[in-house]
Amino acid sequence: MNTGALPLTLDYAVTAQVLTAFIEDEVRKSSFGRVVVGLSGGVDSSTSAALAAKALGPGNVWGLLLPYRESSQESREHAALAVRWLGINSETIDISPMIDAYFAREPEADRVRRGNKMARERMTILYDYSAKLRALVLGTSNKTELLLGYGTLYGDMASALNPLGDLYKTHVRGLARHLGVPAVIVEKAPSADLWVGQTDEAELGFTYEDLDRLLFHMVDLRYDTAALLAAGFDERFVRAVAERVRGSQYKRRPPVIAKVSRRTIDRDFRYPRDWGL
Amino acid sequence: MTERIPLAIAQMHPHLGDLERNVALHEKLIQEAERGGARLVLFPELSLTGYFLKDLVPAVALKVSDPRLDWLRAKSRDLAIVVGFVEESADFRYYNAAMYLEGGKVRHVHRKVYLPTYGIFDEQRYFAQGDRIAAFDSGFGRMALLICEDMWHPALPYLAVLDGAQVLLAVSNSPGRGLTADGRFANAIGWHHLNRTYAQLFTCALVFAHRVGYEDGACFWGASEVLGPDGTALAQAPPLEEALLFATIDCDAIRRERLANPLLRDERPDLTLRTLRRILGETIP
C-alpha cells in the first residue's frame, strides 16, 4: 500500500497552490483572461470559485446564480454568501420561464428529466456568458461525482477547465475549509437541489466518506474486488459502486465515433488539448 | 577536469509545440545564466518543444544539423548548454533526445532509452527507443546525460559511471502524480530519494534539471537540484515556480569522496556481466 498517499488527507495549502496556478495558466493560455462559474450555494462551486478568485483576482470571476422557482431558498442564500465572501462579480438569472415553457408540452416528465433539463439550461447560459464575457466556463464536478456518473451529461458536467475533477468530495471539503469557505456551505448536507429536500447521500444510498474511501482504493490504489473485500469493504457496496462506475463510463468520454477513415479524431488523430496555447 | 563547474538550471515552462517561442525563451534564459556567472546551463527534457506533444512530435522534430539550432551552436562558444528536443533521424525515427553543446558544436546527443508507456505516459506510441548509453568528455570532465525515465532504471546511471562519468546530468519532465499529505507529489518524493541515492552510491555529482508549468492539466513540479558526490544538496530550486538555479560543483570533492568511499574502485562489472549472462541464459565465452 502506498503509505505516502493517505486516502483522504492532503496538504491543502499545496493543493490550493497547484490548482490556483492551474487555473491561472490555463486561462492565460486561452487568451480569455476570466472565468464564469455557476454557483449553486454548495461546497463544490464555492470552492471552484474561491480558487479562481485567488488565481485571477475576484474581478475576473463571474458567479452566475441560476435558480429555478423551486430551488431552495437556502441554496440561493448560500450562493449569495459565496459571492459576498469572495467579492466576485455576480448575476442572477431565473431559469423558470425557460424550463416551464418547455415542460408545458411535456407535463408527464419525471423529476429526473426535469432536473437534467435544468442542469442543461444552466449550461447554455454559462456558455452564452462565456462568449459574452470572453470567460472560460469553470467546472465544479469532483472525482466522486465523475466516477459515479452523478451529474448531468452536457449539464453540470460541462466546462472548459475543471480544478476539482481529480479531488474526491472529502478532499473538496478539506480544501474548502482551508480556503475559508463559509462553514454553513461546507458543513451542510450536499444536494444537487434538483427537487425539494434532495440530498446526494440519500439519493446515492451511501455516504461520501464511505464512497471516497472505497473509490480511492479501487481507482487510485488499483485494489481489485478480492483485495477490497480482504481490506474489509462490504461486498454489496463494492459491487454496487463498481457497477455505477462501469455504467457511467459513457459520461466521461466524448461521443463514440464510427471509424471509417484513415485517421479518426481521438483514436489516431491525437493532439494535446493545449495544442498551440 | 576543471576545478569547479559553475552551472545554472533553467527551471522553465516551455510553450507546448511552439519551437519559435521556446527558442526565444532559451535565448533569454541562457543570457541570464551567463550574466549570473554560469559556464554551463541546463534545460529540462524536451525544453524546446514541451512534453505531451502526441501527434505534434514530427511537427517539432529537428535534425541535429538543423539550421534552426545554429544560434545554439554559436552560443555554446560562450558557455556549455544542455537542451531537450525531438530528434529526427535520417531514417525518420523520432527520438526524445537531449544534446550537450560546447565550444561551438554538439558534443553529445543522448536518445532516451526508457520510454514510459503506462499510467499518464504514452511515449512509445510517438518516440523511437534510444539504444545507447555512453559517458562523454566535456570541457569540465567526463559526464553522462540521462533523460527522466532513464534514471528509474539503475542500470543506466550504473553504466554511465562505469564509463567514467563524474557528473550525471539528468534532465526531466515529471508530471506530478499522487499529491500527498506532506505537500509533495508521490513521484517527487521518489525523485528526491533516487537523486540522493545515485549521487552517494556512484560518488558522482548529480544535476537534476526539471521544469514547471501545466500541460493539459498535468502539473510539472519543479524542485530542480544539484547534489554533491556524498548525496547532499548543493542547491535546490523551489517547487512549482520558475527559477534559475545557480550552483557550483567542486570537482575535487568528487576525488575526495571517491578516496573516502572507493565504491567504484571496488565495483565488479565482470561479476555483473557474468551474472547477467547466466540470467539471460547465455554461456560465458
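Here is how names work: the chains are called A, B, and so on, in the same order as the sequence lines, proteins then strands, and each is numbered from 1.
Note that the CD atom of Glu215(B) and the CG atom of Asp25(A) stand 9.5 Å from one another [nearest 0.5 Å]. For the atom pair CG of Leu56(B) and CZ of Arg270(A), the computed distance is 13.5 Å after rounding to the nearest 0.5 Å. For the atom pair CG of Leu179(B) and OH of Tyr12(A), the computed distance is 9.5 Å after rounding to the nearest 0.5 Å. Note that CD of Glu24(A) and OH of Tyr214(B) are 9.0 Å apart. Values are rounded to the nearest 0.5 Å.
No donor-acceptor distance shorter than 3.5 angstrom exists from the side chain of Asp55(B) to the backbone of Tyr271(A), with no hydrogens or angles considered.
Atom CD of Glu243(A) sits in a crowded spot, with more than 12 heavy atoms from other residues, nucleotides or ligands closer than 6.0 Å. Within 6.0 Å of CG in Asp131(B) there are 12 or fewer heavy atoms belonging to other residues, nucleotides or ligands. More than 12 heavy atoms of other residues, nucleotides or ligands sit less than 6.0 Å from atom CZ of Arg263(A). Other residues, nucleotides and ligands place no more than 12 heavy atoms under 6.0 Å from the CZ atom of Arg93(B). Remark: Ile265(A) CD1 is loosely packed, at most 12 non-hydrogen atoms of other residues, nucleotides or ligands lying under 6.0 Å away. Under a cut-off of 6.0 angstrom, the local environment of NZ in Lys143(A) is crowded, with over 12 non-hydrogen atoms contributed by other residues, nucleotides or ligands. Atom CD of Glu187(A) is surrounded by more than 12 heavy atoms from other residues, nucleotides or ligands within 6.0 Å.
If you measure heavy-atom distances from Asp268(A) to chain B, the contacts under 4.5 Å come from both the backbone and the side chain. Both the backbone and the side chain of Asp216(B) come within contact range of chain A, judged by heavy atoms closer than 4.5 Å.
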*Apply the test side chain to side chain contact (heavy atoms under 4.5 Å, CB included) to residues Arg273(A) and Leu16(B): give CA-CA distance (whole Å), side-chain angles for both, the deciding distance (0.1 Å), then the verdict.*
CA-CA 10 Å; Arg273(A) 161 107 187 185; Leu16(B) 183 60; over 6 Å; no
_Walk me through whether Val18(A) and Leu240(B) qualify under side chain to side chain contact (heavy atoms under 4.5 Å, CB included)._
CA-CA 8 Å; Val18(A) 169; Leu240(B) 304 170; 3.9 Å; yes
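Options His15(B), His13(B), Lys54(B) differ in how many heavy-atom pairs under 4.5 Å they form with chain A, and the most are formed by Lys54(B).
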